[in-house]
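Below, read A as the first sequence line, B as the second, and so on, with proteins coming before strands; counting in each chain starts at 1. Just so we're clear, the structure is a prediction, and the values are computed from it rather than from any experiment. Below, each value reflects all heavy atoms present in this structure, side chains not excepted, and no hydrogens, waters or symmetry copies.
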Protein chains: 2
Amino acid sequence: MSATVNNGEENGMETLRERKKARTRDALLHAALELFTTKGYEQTTVDEITEAVDVSQRTFFRYFASKEEAAFFVPRLTETHFVEAVRARPPHEAPLEALRRAVLESWDTINEAIQQVVPLDLHMRTYRVIESTPALLAAHLRRSQELEEELARIVAEREGLDVDTDPRPRLVVAVFGGVMRVVERMWIAGDDLSIEAMRELTADYLDGVGPALAGNWRTSHTK
Amino acid sequence: MSATVNNGEENGMETLRERKKARTRDALLHAALELFTTKGYEQTTVDEITEAVDVSQRTFFRYFASKEEAAFFVPRLTETHFVEAVRARPPHEAPLEALRRAVLESWDTINEAIQQVVPLDLHMRTYRVIESTPALLAAHLRRSQELEEELARIVAEREGLDVDTDPRPRLVVAVFGGVMRVVERMWIAGDDLSIEAMRELTADYLDGVGPALAGNWRTSHTK
DNA sequence: TTGTCAACTGTCAGCGGCTGACATTAGCCT
DNA sequence: AGGCTAATGTCAGCCGCTGACAGTTGACAA
């Protein structure tokens with residue numbers, strides 16, 4: 001009844017225990033990402049991470065189910081934002097358009113959320129590690145597929161369809177996902193890592209799908 | 001000079017050593033797949049595989065770089081066939097059409113090739129294991145992406161383009177890959193595992209992409 | 001304040017995938 | 001037959017990860 005309950009997650013300070021917990025988790029996360037980005041993911045042992053934070057190895061695995069999970073901690077945050085953005089789209093928009101607007105608009109919110117956990121710069125470098133480390137890339141792609149399944153269901157519901165009867169929801173989402181992966185790849189490979197660059201690439205490529213599928217490439221040149 | 005050289009791979013019998021080698025590799029492969037499909041991939045230890053064949057654990061890792069590689073041995077074979085089929089397409093076909101015809105036509109050859117290594121039934125069951133085992137699914141998706149990169153280069157060359165300047169090769173291939181993954185998923189989930197079912201699904205879905213992207217779903221119903 | 005309870009952490013032992021180094025066996029070739 | 005080399009076995013060890021148990025420390029009530 002009194003105001004001392006507070007076992008939720010709203011207040012910024014909470015109890016000492018929870019603050020401590022958050023601090024070790026942050027320390028572990030930072031140490032992990034820093035090591036991943038400097039000496040490489042595979043080359044970094046969990047022991048090294050825990051030594052840097054001065055906790056036991058066992059503690060690491062109580063905060064992160066695996067070494068992998070540490071690498072994907074931030075990306076996990078962004079997913080939620082994107083999915084929410086899709087859900088928030090007005091129902092009258094066509095599926096592909098809803099997806100398109102959702103990505104384009106959600107990035108600002110996402111970056112904001114990221115910075116509250118990890119310096120943006122560190123996150124970018126981590127992303128590069130993910131794309132260049134086979135094991136992490138694989139995990140990333142699998143997660144993408146899970147996300148696509150979720151999106152397909154959302155789209156199906158928007159249109160009042162059954163995902164398992166009508167293939168169209170899964171198809172749009174698959175195409176969308178495919179394009180976004182190309183965007184990611186090119187964006188990471190390029191040198192302009194700004195949001196604007198990303199946004200431009202996204203718009204360009206999504207617009208480019210139609211023409212690219214048409215096949216009369218010899219007659220129309222995109223750029 | 002004499003006819004006894006034969007250190008290549010043409011003749012069916014070759015030397016005793018090589019026959020033995022092939023036999024152990026086959027034995028390991030079969031034992032592995034059989035165990036994967038019966039008790040699950042994660043639940044199968046490499047020791048169990050080697051015990052079934054009565055070789056040392058070390059020997060397994062000399063034939064397969066990892067437990068994973070054993071699971072993907074057959075799929076690797078099929079990839080080559082598909083890529084070759086794409087390469088063999090006449091240059092006048094539009095990219096997407098070339099890809100489409102390549103898949104549709106290559107399956108027969110592929111299945112033939114598979115049966116020379118593993119009973120087709122075992123392969124099918126293995127495929128189900130791959131799709132339902134997170135670690136394997138992840139690896140499968142990563143390999144798919146690598147394949148897409150290769151295909152993009154082939155397409156680019158066909159059209160006389162530079163992959164890193166013009167995004168269209170990567171885009172078509174990404175879309176194609178996305179659709180094929182949906183096909184795989186639905187095919188495996190269904191109960192008709194025949195080639196014909198697969199072929200029909202592929203044709204249907206590839207045709208469905210255009211309409212699905214359009215977005216006026218309420219007015220046109222596919223099935 | 002103090003004592004009790006629960007949460008957090010450390011320690012230890014062990015499994016499974018995987019590797020390098022070295023010894024042993026067995027097919028090949030003269 | 002005997003030397004050479006490829007194939008295999010053996011052994012020790014790293015690393016990711018887990019269960020079990022014990023110790024410590026914050027939370028909360030009496």
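Looking at heavy-atom distances under 4.0 Å, Ser56(A) makes contact with a base.
When the P atom of dG17(C) is taken as reference, atom CD of Gln57(B) falls 7 Å away, rounded to whole Å. One can place CZ of Arg19(A) at 16 Å from C1' of dA7(C), the figure rounded to the nearest angstrom. Rounded to whole Å, the distance from CZ on Phe60(A) to P on dG10(C) is 14 Å.
Within residues 22-55 of chain A, the residues approaching DNA chain D are Thr44(A), Thr45(A), Val46(A), by heavy-atom distance under 4.0 Å. Across residues 128-141 of chain A, not one residue has a non-hydrogen atom less than 4.0 Å from an atom of DNA chain C. For the contact set between residues 67-75 of chain B and DNA chain C, defined by any heavy atom under 4.0 Å, the members are Lys67(B).
Not counting sequence neighbours, Phe73(A) has no partner by the ring-ring contact (aromatic ring centres under 6.0 Å, His included) test.
Heavy-atom contacts from other residues, nucleotides or ligands closer than 6.0 Å to CD of Glu146(A) number more than 12. Crowding of Glu157(B) atom CD: a count of heavy atoms from other residues, nucleotides or ligands under 6.0 Å not exceeding 12. Heavy-atom neighbours of Asp162(B) CG from other residues, nucleotides or ligands within 6.0 Å: above the threshold of 12.
Looking at every heavy atom in both residues, Thr37(A) comes nearest to Leu122(A) through OG1-CD1, 3.9 Å.
Under a 4.0 Å N-O distance rule, the pair Glu18(B)/Lys21(B) does not qualify as a salt bridge.
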Nucleic acid footprint by protein, nucleotides 19-26 of chain D - heavy-atom cut-off 4.0 Å, B for base, S for sugar-phosphate alone: BB----BB
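Using a 4.5 Å heavy-atom threshold, the side chains of His123(B) and Val117(B) count as separate. Side-chain atoms of Arg89(B) and Arg100(B), non-hydrogen and from C-beta on, never get closer than 4.5 Å to each other. A 4.5 Å side-chain heavy-atom check between Pro75(B) and Ile130(B) finds at least one atom pair inside the cut-off. Annotation: side chain of Pro134(B) is in contact with side chain of Arg142(A) (closest heavy-atom distance under 4.5 Å).
Counted by atom type alone, Ser106(A) and Thr109(A) present zero donor-acceptor pairs between their side chains at under 3.5 Å.
The phosphate of dT8(D) (OP1 or OP2) has a side-chain N or O of Tyr63(B) nearer than 4.0 angstrom. The side chain of Thr59(B) contributes an N or O atom lying less than 4.0 Å from OP1 or OP2 of dG9(D).
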N/O donor to acceptor pairs below 3.5 angstrom from side-chain atoms of residues 169-190 of chain A, sequence neighbours left out:
{"residue": "Arg170(A)", "atom": "NE", "partner": "Glu149(A)", "partner atom": "OE1", "Å": "3.1"}
{"residue": "Arg170(A)", "atom": "NH1", "partner": "Val163(A)", "partner atom": "O", "Å": "3.3"}
{"residue": "Arg170(A)", "atom": "NH2", "partner": "Glu149(A)", "partner atom": "OE1", "Å": "3.4"}
{"residue": "Arg170(A)", "atom": "NH2", "partner": "Glu149(A)", "partner atom": "OE2", "Å": "2.9"}
{"residue": "Arg181(A)", "atom": "NH2", "partner": "Glu148(A)", "partner atom": "OE2", "Å": "2.2"}
{"residue": "Glu184(A)", "atom": "OE1", "partner": "His140(A)", "partner atom": "NE2", "Å": "3.2"}
{"residue": "Glu184(A)", "atom": "OE2", "partner": "Tyr127(A)", "partner atom": "OH", "Å": "3.4"}
{"residue": "Arg185(A)", "atom": "NH2", "partner": "Glu149(B)", "partner atom": "OE1", "Å": "3.2"}
{"residue": "Trp187(A)", "atom": "NE1", "partner": "Asp192(A)", "partner atom": "O", "Å": "3.3"}
{"residue": "Trp187(A)", "atom": "NE1", "partner": "Ser194(A)", "partner atom": "O", "Å": "3.3"}

Evaluate the side chain to side chain contact (heavy atoms under 4.5 Å, CB included) criterion for residues Arg143(B) and Arg76(B): first the C-alpha distance (whole Å), next the side-chain angles of each, then the deciding distance (0.1 Å), finally the verdict. CA-CA 9 Å; Arg143(B) 183 62 194 149; Arg76(B) 288 291 114 92; 3.0 Å; yes
